[in-house]
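Computed from a prediction, not measured in an experiment: that's the story for all the values here. First the proteins, then the strands, lettered A, B, ... as listed; each starts at 1.
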Amino acid sequence: MANKLYSAPKREKYWQDVWADSNIFATNNLRNKPKCYILEMFPYPSGRIHMGHVRNYAMGDILARYKRAKGFNVLHPMGWDAFGMPAENAAIEHNTKPDKWTYKNIEAMKMQLKSIGLALDWSREFATCNISYYKHQQKLFLDFFSRGLAYRKSSKVNWDPVDHTVLANEQVIEGRGWRSGALVEQRELTQWFLKITEFADDLLEGLAELKNWPENVRLMQANWIGKSHGLLIRWKLNYEIEGIKELKVYTTRPDTIFGASFVAIAPDHPLSRAAAATNSKLADFCEECRQAGTSIIDLEKIEKKGFDIGIKAKHPLDHEWELPIYVANFILSEYGTGAVFGCPSGDQRDLDFARKYNLPVIPVVAPRDADPANFTIGQKAFTDDGVIINSKFLNGLDTKRAFDAVAKKLEEMDLDDASVVERVTYFRLRDWGISRQRYWGCPIPIVHCDDCGAVPVPEKDLPIVLPGDVSFDTFGNPLDRHPSWALVCCPKCGKLARRETDTMDTFVDSSWYYTRFTSPNHDTPVDHDSAKYWLPVDQYIGGIEHAILHLLYSRFFSRAMGVTGNLPADIKEPFNALLTQGMVVHECYFQKTTNERRIWFEPKEVRTEGEGKNRIAKLVKSGETVEIGDIVKMSKSKKNIIDPDDIISKYGADCARWFMLSDSPPERDIIWTEAGIVGASKFIQRIWRLIDTTEQKVCKIHTPQPVNFGSDALFLRRASHKAVYLVEKNIENLRFNVAIAQIHDFVNHIQLRVNKKGQGLDWAIREAFELLVQLIGPIMPHLAEECWSRLGYQTLLAEQPWPTVDKELIVDDTVTIAIQINGKRKDELRIKRSTSSDEVKRKVFELDIVSRALKGKTPSKVIVVPNKIVNIVI
RNA sequence: GCGGGCGUGGUGAAAUUGGUAGACACGCUAGAUUUAGGUUCUAGUGCCGUAAGGUGUGGGGGUUCGAGUCCCUCCGCCCGCACCA
């Protein structure tokens, strides 16, 4: 008898229409239930969704559907991170407009997302390029500005002289612009900044509260903020130059101060500039340092170099002791004071420097077990904590006490001839530069007036709308070239002035979108009442690549918006729980040309044969052999892409969703395989076949529960309720792969009993079917609806509550305990649960294997772990 | 260099507080059914061994009645930051 196959793609479309028509996923405004806000990082509308999106949104959807069934009022919205460079590049390349290109992409991707069957509230959809969104962002900017959280300052940027734009560090590749290939210049530009540093401490402390965030993300953020405690010490100069009489030096290791043998300053430190003014060789050296690249590779290659400026610094604790001052290429002007004292024995860099310029190396910290008299430094500096030596009054102290002793000594010294000391805290975190010389972004609502300076646009004049009539026929910012857009009157004095033509970094757009979803049509950025009810996001899901920037900026925005009254001030943390999902990876295929270039082939162009080392790949068309490359993230450049559309039209969305979650834990990368998707597809058919062909054999819908059950029925009922219990637990813990394993196990249990006969078995099978359908509901919602209807229900499964577990059924009344002899498992024993310890021992000693092992001796110890293990120690 | 993580069968992976290692799936083997074949169902499957038994979570050591789990050490891989004073 051939079974009817379940036609997933066809039926899925049907159920999607049913859901849409009944509008069940629109979040209601009744606040009579506990809320649950599930959010996946919203997509950039590149044009097509990829498998990473499918994985991301499948995870969120499972939670949303599960929480809905659990009785929560669920908010599960979707929107578009729609500003950004690709739209401008498309405009240049395809002679279109960024807005047209973006909105077309959004339409296409929305269709694709709908085909995945996501339980989304589309009524809250917005794109960050909607005027109705970015006008509120401009309002936020104005509020930040008036509160001093947005300000202008001059700073160094990567400038592409060909494309006429600022480049982010990531866009500079080996010193050249990623698009133009031009050598990137360091330029001093006046830019807008957001004062994230005001919240540095709070952002750091807040991390401790984020218990449901991955540890690695919290650590990355903590390192990024980079708080350090140290001393600011004043070093007097032996010679005054252009009014400079002293150097302020920041150190986290004042305990090593007697090991100092030089002072080093950054090339653009005021003292460097002053000294260079009268020393052309020094000026050349400083220029050379400035020219050097800033990329990581460059920094590694660069040799540590210094230039003795001739002026000496007086040691703060001994003014007779004068140390040389070097301008050095490895000192950062942006960190600390741009000046350090070098202690060669305690810092590898300083040691290398000292060896190169023949400076003294005085060991001042020794390991605890070393002999202080004979401890010397060779090629490696000693950077650990230890005992202070060769340091006068510090000798014998440990690192921490020496820190305090130096601070105290310096504080006690007479101000006149002393080195004033301050205990200071430094952060690595810098303020966030948000100016971009780009068109497709949120305009900064500022007018520059010759007389009044930077004047905020009055709120009543918002929004500042991007002009539509711009050209992309040449490089640079089209807003700058626009004949009239920037020409306005100063809101303050009325004189002719010029609009700010920089737009905001797109990271600003995504820093507050999660608040807007709580009230997407409100006439202020956020409705406080809605925000209070919905925020924080209960579960946020997205890629690890946003571990620092997006997630830190968002945490900053929720705080800053609290300060400006745009959000209730008690909502500090935007995301209560965070899941960072892994990538979808696939091997790639290529042929090498004669000049070692690689030509890549798509997976669908290739067929593989054999296994392991003998596995080879051939082109489907020609049969030519191609090489099998690494398993890497799916990307256009390597063509190792599987198009979700192809999978969904062939196997269905349920199949893609199931496979995405089935084999690996969510945070790990998954390898896309044809075998995997086929396996998922078979499982779908298996469930359908099981229910479709057996449904008429079991009890009819709503049959009352029988009083007695035979052993098969009872076994099945136990398996059913255990499955519900375990699937629920694993979904709650975001271990979808384990939940899926439990469902497999459950289906195996049902399968073994569908053709049996026994007391109450037909009822138990029907119960199992119903529970199974409810368990797969969140993961394979279409198939679940189909089965639910097949079981005779007129209702929608998506609206059913989550099944309740019969607690009595999930505890077995017999248990298997392991019998160990000297900790090694030898046998097992089936026994009634909660049998007394003495009774268990008695039974164990009756066992052959035990008496054989004992050989008449008395065991030295018997350990009984109730319901688990008996360990006999001989 | 600094910080963090990971290492379990042929493969993806499971494993409350330390308590029967390898659930579940892929693959493989055998049988049944159907078919032209795929499919489906049942059973088996860490490794060595015909078996009894031994052995086994990257290597070595330790704590413990008992270690994948805790401690020390070495090796390998991955991620983040990186001249941060």
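Proximity of A:Q751 to the phosphate of B:C41: a side-chain N or O atom is located under 4.0 Å from OP1 or OP2. Put simply, A:N871 has no side-chain N or O that comes within less than 4.0 Å of OP1 or OP2 on B:G19. Between A:R428 and B:A85 there is no side-chain polar atom (N or O) within less than 4.0 angstrom of OP1 or OP2. A close approach under 4.0 Å does occur between a side-chain nitrogen or oxygen of A:N748 and OP1 or OP2 of B:A25. Considering only side-chain N and O atoms, A:Y335 lies under 4.0 angstrom from the phosphate OP1 or OP2 of B:A85. For A:R668 and B:A13, the shortest distance from a side-chain N or O to OP1 or OP2 is below 4.0 Å.
Across the C1' atoms, B:G59 and B:U8 are found 15 Å apart, a figure rounded to whole Å. The gap from the C1' atom of B:A14 to that of B:G68 amounts to 12 Å, rounded to the nearest Å. B:G66 sits 8 Å from B:G18 when the C1' atoms are compared, rounded to a whole Å. With C1' as the reference atom, B:A13 and B:G27 are 14 Å apart, rounded to whole Å. B:G80 and B:U63 have their C1' atoms separated by 34 Å, with the value rounded to a whole Å. With both ends at atom C1', the span from B:U57 to B:U50 equals 28 Å, rounded to whole Å. Between the P atoms of B:G44 and B:G49, the separation comes to 22 Å (whole Å). Between the P atoms of B:G22 and B:C41, the separation comes to 25 Å (whole Å).
Residue A:K826 is classed as a sugar-phosphate contact, given heavy-atom separations below 4.0 Å to backbone atoms only. Counting non-hydrogen atoms under 4.0 angstrom, A:L332 reaches a base of the nucleic acid. Note on A:T383: nothing from the nucleic acid sits closer than 4.0 angstrom, heavy atoms only. Residue contacts shown for A:V873 are limited to sugar-phosphate atoms, with no base heavy atom under 4.0 Å away. Residue A:N737 is in sugar-phosphate contact alone, with no base atom involved, counting any heavy-atom pair closer than 4.0 Å across all strands shown.
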Practice item. Go through the steps for A:N737 and A:S664 under the test side chain to side chain donor-acceptor pair (under 3.5 Å), then give the verdict. Key: CA-CA 6 Å; A:N737 56 323; A:S664 296; over 6 Å; no

Practice item. I would like to know whether A:E732 and A:K729 meet salt bridge (Lys or Arg N to Asp or Glu O under 4.0 Å); could you show each step before the answer? Key: CA-CA 5 Å; A:E732 294 270 2; A:K729 198 175 87 172; over 6 Å; no

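Which of B:A43, B:A15, B:G19 sits closest to the side chain of A:R735 comes down to B:A15. Comparing atom distances between the A:Y250 side chain and each of B:A85, B:C41, B:G19 picks out B:A85 as nearest. In the set B:A85, B:U39, B:C81, B:U39 carries the atom at the smallest distance from any side-chain atom of A:K682. Taking the side chain of A:Q820 as heavy atoms from C-beta on, and the options B:G3, B:U20, B:C24, the nearest nucleotide is B:U20. Nearest to the side-chain atoms of A:S664 among the listed nucleotides B:A13, B:U20, B:A85 stands B:A13. For A:R689, the listed nucleotide lying nearest its side chain is B:C41; candidates were B:U20, B:C41, B:C24. When each of B:U20, B:C24, B:C81 is scored by its nearest atom to the side-chain atoms of A:A741, the top-ranked nucleotide is B:C24. Closest contact between the side chain of A:R825 and the listed nucleotides B:G19, B:C81, B:A21 involves B:A21. If you check B:C83, B:U20, B:A15 against the side chain of A:V738, the one that comes closest is B:A15. Checked against B:C65, B:G19, B:A85, the side chain of A:I331 finds its nearest nucleotide in B:A85.
Between A:F353 and A:F330, the ring planes are perpendicular. Angles over 60° get that label, and only those under 30° would be called parallel. Ring orientation note: the planes of A:F683 and A:H744 are tilted relative to one another, at an angle of 30° to 60°.
For the pair A:F341 CZ and B:A85 C1', the interatomic distance rounds to 9 Å; values are reported in whole Å. Here B:G12 presents its P atom at 7 Å from CD1 of A:I671, a figure rounded to the nearest Å. For the pair A:I743 CD1 and B:A23 P, the computed distance is 19 Å after rounding to whole Å. Residue A:I691 contributes atom CD1, which lies 17 Å from atom C1' of B:U40 at whole-angstrom precision. Here the P atom of nucleotide B:C78 and the CE atom of A:M583 are 13 Å apart, to the nearest Å. Protein atom CD of A:Q348 is 15 Å distant from nucleotide atom P of B:A85, rounded to whole Å. Taking atom NZ of A:K824 as the reference point, atom C1' of B:U64 lies 15 Å away to the nearest angstrom. The interatomic distance linking A:D669 (CG) with B:G5 (C1') rounds to 14 Å, in whole Å.
The partner of B:G7, taking Watson-Crick or G-U wobble pairs whose two distances both stay under 3.5 Å, is B:C75. A 3.5 Å limit on both hydrogen-bonding distances identifies no Watson-Crick or G-U partner for B:A51. Across all strands shown, the partner of B:C65 is B:G19, judged by Watson-Crick or G-U wobble contacts whose two distances both fall under 3.5 Å. Pairing partner, B:G37: none, since no Watson-Crick or wobble contact has both distances short of 3.5 Å. When Watson-Crick and G-U wobble pairs are counted only if both distances are under 3.5 Å, B:A82 pairs with no nucleotide at all. Both distances falling under 3.5 Å, in either a Watson-Crick or a G-U wobble arrangement, place B:C28 opposite B:G44.
Aromatic pair A:F507/A:W432: ring centres not closer than 6.0 Å. Aromatic pair A:F715/A:H749: ring centres not closer than 6.0 Å.
Where A:I544 and A:R349 meet RNA chain B, the nucleotide closest to each residue was compared, and A:I544 sits on the side nearer the 5' end. Nearest-nucleotide positions on RNA chain B for A:S662 and A:N216 put A:N216 closer to the 5' end.
Between the base of B:C81 and the side chain of A:N223 there is no donor-acceptor pair shorter than 3.5 Å.
Of all heavy-atom pairs between A:V364 and A:F258, the closest is CG1-C, 3.8 Å.
In B:G58 the base sits anti relative to the sugar, since the glycosidic angle is further than 90° from 0.
In terms of modelled atom types and a separation under 3.5 Å, the side chain of A:R555 and the main chain of A:L203 share a donor-acceptor contact.
Put simply, the residue from A:F285, A:Y357, A:F341, A:F307 that forms a ring-ring contact (aromatic ring centres under 6.0 Å, His included) with A:Y326 is A:Y357.
If you check the side chains of A:Y250 and A:S228, you find a donor sitting under 3.5 Å from an acceptor.
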